[in-house]
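Both counts, for ligands and for their atoms, begin at 1 and track the order of listing. Every heavy atom of this structure was used, including side-chain atoms; hydrogens, water molecules and symmetry mates were not. Numbers here simply count residues along the sequence, with the first being 1.
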Amino acid sequence: MKSQDSLFITLEGGEGSGKSTLARKLTETLISLGYNAISTREPGGTKLGNQVRYWLLNRDSDVSLGSISELLLFLAARAQHIEELIKPALDSGKIVICDRFNDSTIAYQGIARGLGAEIVENQCLFACQGVLPQLTLFLDLDPRIGLERTKKLSKDSAKDGVMDRIESEELAFHDSVREGLRWIAKNNPNRVHLIDASQTFEEVLQNSLEIILYSLNR
Ligand code: Z5A
């Protein structure tokens, strides 16, 4: 195992942009190169996170949710995720790759749901208590392509093309998420690296690895 400093990496992008596949492959590759790396996702990563995930995403759940409750549930799951998993892993020198984090909350709840980017960013900062990503890979993709990939994936996995509560929002909502993520990338050029997710998966993986290895060896 290489001696290394911890690194907190987040993956952001719309539905079907390839984040989960990339998180898996990056973790495997970094481990094969001798790094101590783990991957996790939001909402999720803890028992509370997985329960909150069910309420937030399952279309069959009979829990009704307004935009503010939705925001606070994402943040409750995040606070627990940081305390229970992310911070201990970073404190022990690991590379943590997290599929979605604060930028999703700012883009989905702050911008697309209309709660306000600044107020949501401040709420995120409160929930994170100083544990913030050093590097973010933003997989930028037209939502039309991403949603097609997701539909195909759910068909292939015998879910009969059923989309979750947020996936099934209007296309305009997903366009607004993409614009939001682009705006965040433009305002955080040192942290956020935009990757063209319409490339082949191998190209996306290669671009991502170059950015991470550069960051680790700096
Ligand atoms: N959300 C929120 O509103 N606020 C928040 O604060 C947070 C989240 C944290 C989480 O859903 C939902 O919660 C999400 C945002 C919201 N909204 N929705 N819906 P999730 O975790 O279930 O799903 P997701 O994050 O949207 O991911 P996804 O739909 O599973 O997509 P993905 O992870 O980006 O893609 P993938 O599963 O890796 O790939 C999809 C398919 O495309 C698969 O068959 C791959 O093999 C294929 N693929 C991947 N890359 C490529 C390339 N380059 N070319 C061709 N095909 C590819």
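Protein heavy atom at the shortest distance from atom 35 (O) of ligand 1 is G18 N, 3.1 Å. Considering only non-hydrogen protein atoms, atom 18 (N) of ligand 1 sits nearest to E15 OE1, 2.6 Å. Protein heavy atom in closest approach to atom 4 (N) of ligand 1: Q109 OE1, 2.8 Å. The protein atom (non-hydrogen) at minimum distance from atom 47 (C) of ligand 1 is R149 CD, 4.2 Å. Ranking the protein heavy atoms by distance from atom 39 (O) of ligand 1 puts T21 OG1, 3.6 Å first. The closest protein non-hydrogen atom to atom 1 (N) of ligand 1 is F74 CZ, 3.3 Å. For atom 6 (O) of ligand 1, the closest heavy atom belonging to the protein is T105 OG1, 2.7 Å. L57 CD1, 3.7 Å is the protein heavy atom nearest to atom 11 (O) of ligand 1.
Counting the atoms of ligand 1 from 1 in the order shown, those under 4.0 Å from a heavy atom of F201 are 50 (N), 52 (C), 53 (N). Proximity to G14 (heavy-atom distance under 4.0 Å) selects the following atoms of ligand 1: 34 (O). Taking a cut-off of under 4.0 Å to the non-hydrogen atoms of Q199, the atoms of ligand 1 that pass are 52 (C), 53 (N), 54 (N). Near R78, the atoms of ligand 1 lying under 4.0 angstrom from a non-hydrogen atom of the residue are 6 (O), 9 (C).
Summarising the contacts of atom 28 (P) of ligand 1 with A197, G16, P43, the nearest heavy atom is found in G16.
For the pair L48 and A76, the tightest heavy-atom approach, listed with the atom from each and the gap, is CD2-O, 3.9 Å.
Counting heavy atoms under 4.0 Å from ligand 1, residue L139 does not touch it at all. Here D164 has side-chain heavy atoms under 4.0 Å from ligand 1, and that is the only part of it that gets that close. Contacts between R53 and ligand 1 below 4.0 angstrom, taking non-hydrogen atoms only, involve the side chain exclusively. Residue E70 does not touch ligand 1, judged by heavy-atom distances below 4.0 Å.
Using a 4.5 Å cut-off on side-chain heavy atoms (C-beta onward), I184 and R191 make contact.
Tracing side-chain contacts under 4.5 Å through hydrophobic residues (I, L, V, M, F, W, Y), one never reaches F101 starting from V52; they form parts of separate clusters. At a threshold of 4.5 Å between side-chain heavy atoms, the hydrophobic network of Ile, Leu, Val, Met, Phe, Trp and Tyr places Y35 and L7 in one connected group. Follow the hydrophobic side-chain contacts under 4.5 Å out from I68 and you reach I106 in the same cluster.
More than 12 heavy atoms of other residues, nucleotides or ligands shown are found within 6.0 angstrom of CD on E28. Atom OH of Y214 is surrounded by 12 or fewer heavy atoms from other residues, nucleotides or ligands within 6.0 Å.
E12 and S104 share a side-chain donor-acceptor pair at under 3.5 Å.
The six-membered or imidazole ring of F74 lies away from that of Y108, with a centre-to-centre distance of 6.0 Å or more.
Considering backbone and side-chain N/O of R100, one or more are found under 3.5 Å from N/O of ligand 1.
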